[in-house]
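All residue numbers in this chain count up from 1 along the given sequence. Just so you know, these numbers use all the heavy atoms, side chains as well, and skip hydrogens, waters and symmetry mates.
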Amino acid sequence: MTKFRKAKRFVLLGLISFLMIIVRLSQVNAQEVSFSEFRGYLVAQQVTPQPFEQVIQGSEKLDGLFTIYQKKESGKVYLELKPEQLNQNFLSFATLESGIGEQGIVSGTHLRDLLFQFRLVQNQIQIVVPNINFRTDENDPQIRSVNRSFSESVLKTLPILSIHPERKTVLIEISDLFNSASDLPGLMIEYSEFLKNNYSIDPSKSYISQIQSFPENVEIESIFGFSLGQYGEAKSIPSLPDNRTFNLKVRYSLLAVPINNGYRPRLADERVGYFTTTYKDLSGRTDRSSIVRYINRWNLEKQDPNADLSPPVKPITFWIENTVPLEYRDAIREGILFWNKAFEQAGFINAIQVEQMPDNAPWNPADVRYNTIRWSTSFKSPFSGYGPSHINPLTGEILDADIIIESNGIKGIQEGAGVFLGNTSAIIFEEDGNNNSTLNTANQACPIGLYAYSMAKKSPTESNHKSAANFAEEICFHQASNEQLMIGTTALSLLENVTPNSPKLKDYIQQYIRLLISHEVGHTLGLRHNFQGSTLLSPEELNNPEITRTKGLVSSVMDYLPVNLAPQGTPQGDYFPTQIGPYDQWAIEYGYKPIASPTTEAEWQGLQEIAKRANQPELAYATDEDFWGVFLDPATNTRDLSNDMLKYSQWQFDNAVEMWKRLENYTPRDGEGYDKMRKMFDTIFDYYSSQAINLTLYIGGQSFNRTRAGEGYRRLPFESISIEKQRNALKLLQTYVFTDEIFKFSPNLLNQLAPARWSDWANPDQNSALDYPITRRISWFQRYILRELFVSTRLFRLRDLELKTTANNALSLPELFETVQNGIWAEILANNGEIEISSIRRSLQREHLEILSEMVLRKMTVPEDAETLAWYQLQQLNKQLETTLKRHQNKMNAYTLAHLEQTHNRIQKILEAEVQSN
């Protein structure tokens, strides 16, 4: 036999022997593993393991779920793997324990949850994320096909450093796995917008700072040092002492995937809003869809299964972190306990409990064994509250939850009624090089409600759980939340003369905290947003405590709810809900009510008995993908209240007008700057603008509901908004938006709207214009609303609705065009007496002309009928202009005459250009 053949045979035998060892190492019984065989293979591969005790010499040993050895001097950390821990499912939950207070990098944020396994591959240990999105039964022959069709992910490969001679365990070093450039928590991905091309992880500044090992979990804290890259740009980051470098602390919780703990997955129904755990079942069953969706929920079992009401075996316990200010703890506790009312409907007493974290607690709030309410103090936070949870991705079982409450908003309110938090959202225009006005949004998170369309462009398939990468969607809601809080304090100050230290203001803050915490707790119970939660009561019922404190102010606290401001002449009721609503109770019943059945599939019929009540008005449900879509459903909204938004918005328009009137006579306290006046004025304007946005949703609007066939429902999935409501919305827009009467503020007020002039990082207004461009702000607001009425999606829908609605029940395109034109050009259509068109009206008319011209000249994608209607309207307008200029030329001021002459000339050129283009 030649040397080559001998070598080939040796290698082949070695491979066969190694494969046998792999099989044996994956057996549960460690006694079956041949340590000598494995060691022999390593020797054959010229790998000489070091003596076990020599490697760990000088280490601190930590016993628990894993045996860990830590050398604090060198920073090395070793993990001892038992044979039975190979190929076993483990979970890693990563949490950002310290941030920089802005750029979305906020302490307490959940980062990356992983289900992973330790796999023995040759002489190394691989950290593998198995593909659980595609599953089949264990005995299904297809399992071989599944395994080769869908790739797993290998995160890291670690060399085996030693093998214990008696315990048959292997030793690996995990320092680089949980730290340094391997970036297990995905920091460079989660914060890519901020870190990309600027910062990188600096291994010299990164280390594992703390390890705690317990029987069921291991807690690891790791410091990631970031440094400015070679070509990075040191941006201005006020929260950092030096923009070139910063540290982020990450907390990992490692635990075994729960098995045989009595938890049964529960199937989801799209009519009830739960986060879901989803996979594709490839077993070929015909009795259900291949897509399986489990709701995410806690493992809640009755102590007495036969009792109608029973305490749970293990309640859901939330700990209020010891950093929460004392004055807010009671409100937080009450907000959490709101949910016990819902669990009683599901058959549980005291399902949720609240404890206070002691000041000397030896545990960390990010420890997976504790559910906490954490207090965040950021410089610029993208959220007011944040309520994610950690789940078992195989079953949907919720294992841990940590809610973050952002302090800035609450503290800002307490500093004084009417003080606006953060950046003002005043609409500021700047002139570009071509003398064109452009919107400056540098200091705006979400200018006057642009969320309605800009956010509609977001993908509806983004992760259910919020993460730093998804904070862009939350920013507008955070801004909306601040606006609502500030309009409430502004109303208290101007309409009720409430002072900053008034008990009424403190009660207002407590009500808001209870709502905020109950909303976030709802998320941690598995519930998604319900943007129809605000439609429970009529406008007249909103301020009747006998109704709101029994039936509820809203059907769900999972909506983004505005402050409830009573109309003029009506006593003020509750500003925010004081309890959860009927939808919340029904959703918890679906998710948690015990149903006697042998399997998950068998309990489906019992769940359907609960879900089929979805047609009841108080159980209406619409969530993020409905809001981000283009349904334009007035009820699926984030700043509405009551089941009649037309009346509600009219009341709030009137409230805003009254606040402006009171502001005319408002005087800042001695020593206060006039920037307070500016912020209060802007707050009212933003509130006024949001009501106008709400009204636009009626035009071409239609509702969508998750109805099911064969359940006796009389409703179809789509229903058009009635023509009466659409006409009423148009009328209100003409009255409150396309006007100049409401916006005739006194010079005395306008000359008080000065910004704060501090030129340092602590002043959010430092880059704002010194003067207040009131004309441009009003004009931009009106122009935006006008363009919303003629946006392409709305025009196409109006055309479609003529086919989807019975005769004379649809708002037609001709009616929209004519109604808007008659209102905007009312001065020349009246055709009597002197004609004087104000600067605000002239600007609005120019915008209307621009929109029609864009349609005629095909600069907009609109239905063909809209194009011809625009051409017709321009012709009609041009004829009227000719008549008006002939009869009243001497009865106009210079502004009006020049405006109408130019308009007439422009229309003629537009019509001629359109004819030539054909």
Task: Partner set under salt bridge (charged side-chain N to carboxylate O under 4.0 Å, His left out) for E609, not counting sequence neighbours - done: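 Listed in chain order: K612.
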- [ ] Sequence neighbours left out, what passes salt bridge (charged side-chain N to carboxylate O under 4.0 Å, His left out) with R374? Give chain and number order.
- [x]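 By the salt bridge (charged side-chain N to carboxylate O under 4.0 Å, His left out) rule, R374 matches E97, E321.
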Open item on the list: Suppose the criterion is ring pair (Phe, Tyr, Trp, His ring centres under 6.0 Å): which pairs have a residue in residues 587-608, not counting sequence neighbours?
Closed with: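 Found F343-Y592.
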Quick one: closest heavy-atom pair of [X] and [Y], and the distance?
X    : Y    : answer
N296 : T276 : OD1-C, 3.6 Å
R613 : L619 : O-CD1, 3.2 Å
L641 : P562 : CB-CG, 4.0 Å
F318 : I352 : CD1-CG2, 4.1 Å
Q303 : P312 : NE2-O, 3.0 Å
Q532 : S555 : O-OG, 3.8 Å

- [ ] With side-chain contact (heavy atoms from CB on, under 4.5 Å) as the test, would you mind laying out the steps for T599 and S597 before giving the verdict?
- [x] CA-CA 6 Å; T599 65; S597 60; 5.9 Å; no
Counting only N and O atoms by type, is there a donor-acceptor contact under 3.5 Å from the side chain of [X] to the main-chain atoms of [Y]?
X    : Y    : result
D584 : V557 : yes
Q652 : L565 : yes
S690 : Y687 : yes
W586 : I610 : yes
R266 : T600 : no

- [ ] Report the C-alpha distance between D507 and Y575 in whole Å, list the side-chain angles of each, state the deciding distance to 0.1 Å, and finish with yes or no for side-chain hydrogen bond (donor to acceptor under 3.5 Å, both in side chains).
- [x] CA-CA 9 Å; D507 181 59; Y575 294 101; over 6 Å; no
Determine whether [X] and [Y] make a side-chain contact, defined as any pair of heavy atoms from C-beta on separated by less than 4.5 Å.
X    : Y    : value
T578 : L553 : no
R333 : E355 : no
H523 : L527 : no
N564 : Q511 : no
T524 : N371 : no
L816 : L795 : yes
L525 : I588 : yes
I403 : V521 : yes

Reported [atom1]-to-[atom2] distance for the pair [X] and [Y], which is rounded to 0.5 angstrom:
X    : Y    : atom1 : atom2 : value
I723 : S812 : CD1   : OG    : 7.0 Å
H110 : D402 : NE2   : CG    : 4.5 Å
L516 : I332 : CG    : CD1   : 8.5 Å
Q510 : I513 : CD    : CD1   : 5.0 Å
K551 : L536 : NZ    : CG    : 5.0 Å
N261 : N392 : CG    : CG    : 8.5 Å

- [ ] Assess whether side-chain contact (heavy atoms from CB on, under 4.5 Å) is satisfied between S642 and L537, documenting all intermediate values.
- [x] CA-CA 5 Å; S642 87; L537 302 181; 5.8 Å; no
Open item on the list: Which residue is it: I785, L733, L730? I am looking for the one with a side chain to side chain contact (heavy atoms under 4.5 Å, CB included) to L695.
Closed with: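 Only match with L695 under side chain to side chain contact (heavy atoms under 4.5 Å, CB included): L733.
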- [ ] Please state whether the rings of Y508 and F576 are parallel, tilted or perpendicular, taking 30° and 60° as the class boundaries.
- [x]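 Plane angle between 30° and 60°, so tilted.
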- [ ] Begin from the C-alpha positions of E520 and I404 and carry the test side-chain contact (heavy atoms from CB on, under 4.5 Å) through to its verdict.
- [x] CA-CA 9 Å; E520 302 305 336; I404 308 172; over 6 Å; no
TODO: May I have the step-by-step check of side-chain hydrogen bond (donor to acceptor under 3.5 Å, both in side chains) for Y294 and Y279, ending in yes or no?
DONE: CA-CA 9 Å; Y294 297 141; Y279 69 93; 3.2 Å; yes
One thing to verify: whether [Y] and [X] come together as a salt bridge, which I'm taking to mean a side-chain N less than 4.0 angstrom from a carboxylate O.
X    : Y    : result
R639 : D686 : no
D281 : R135 : no
R514 : D330 : no
E270 : R293 : no

Open item on the list: With side-chain hydrogen bond (donor to acceptor under 3.5 Å, both in side chains) as the criterion, how do D559 and S556 come out once you've worked through the C-alpha distance, each side chain's angles and the decisive distance to 0.1 Å?
Closed with: CA-CA 6 Å; D559 202 340; S556 177; over 6 Å; no
TODO: With salt bridge (charged side-chain N to carboxylate O under 4.0 Å, His left out) as the test, would you mind laying out the steps for E603 and K593 before giving the verdict?
DONE: CA-CA 11 Å; E603 76 173 5; K593 182 178 181 179; over 6 Å; no
Open item on the list: Give me each pair satisfying side-chain hydrogen bond (donor to acceptor under 3.5 Å, both in side chains) with a member in residues 717-735, each pair once, sequence neighbours excluded.
Closed with: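 Found R715-E719, S720-T805, R727-E815.
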Task: Sequence neighbours excluded, every pair satisfying side-chain hydrogen bond (donor to acceptor under 3.5 Å, both in side chains) that has a member inside residues 338-353 - done: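 Passing the test, one end in residues 338-353: Q345-E589.
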- [ ] Among residues two or more places apart or on two chains, list those pairs meeting salt bridge (charged side-chain N to carboxylate O under 4.0 Å, His left out) that have a residue in residues 295-319.
- [x]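 Listed once each, the pairs would be none.
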Task: Worked verdict on Y688 versus F653 for ring-ring contact (aromatic ring centres under 6.0 Å, His included) - done: CA-CA 6 Å; Y688 195 93; F653 278 135; 4.7 Å; yes
TODO: Might you work through the side-chain hydrogen bond (donor to acceptor under 3.5 Å, both in side chains) test for T570 and N543, ending with a clear yes or no?
DONE: CA-CA 8 Å; T570 299; N543 290 283; over 6 Å; no
Open item on the list: Does atom CG (N808) have a neighbourhood of more than 12 heavy atoms from anything else shown, all under 6.0 Å?
Closed with: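 Counting other residues, nucleotides and ligands, CG of N808 stays at 12 neighbours or fewer.
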- [ ] Begin with the C-alpha distance, continue with both residues' side-chain angles, and end with the deciding distance and a verdict on side-chain contact (heavy atoms from CB on, under 4.5 Å) for N694 and N637.
- [x] CA-CA 8 Å; N694 287 345; N637 203 348; 2.7 Å; yes
- [ ] Examine F627 together with H529 and report whether their ring centres are nearer than 6.0 Å.
- [x]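 Not under 6.0 Å, so no.
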Open item on the list: Aromatic contact between Y648 and W651, with the criterion being ring centroids under 6.0 Å apart: yes or no?
Closed with: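 Between W651 and Y648, which both carry aromatic rings, the centre distance is not below 6.0 Å.
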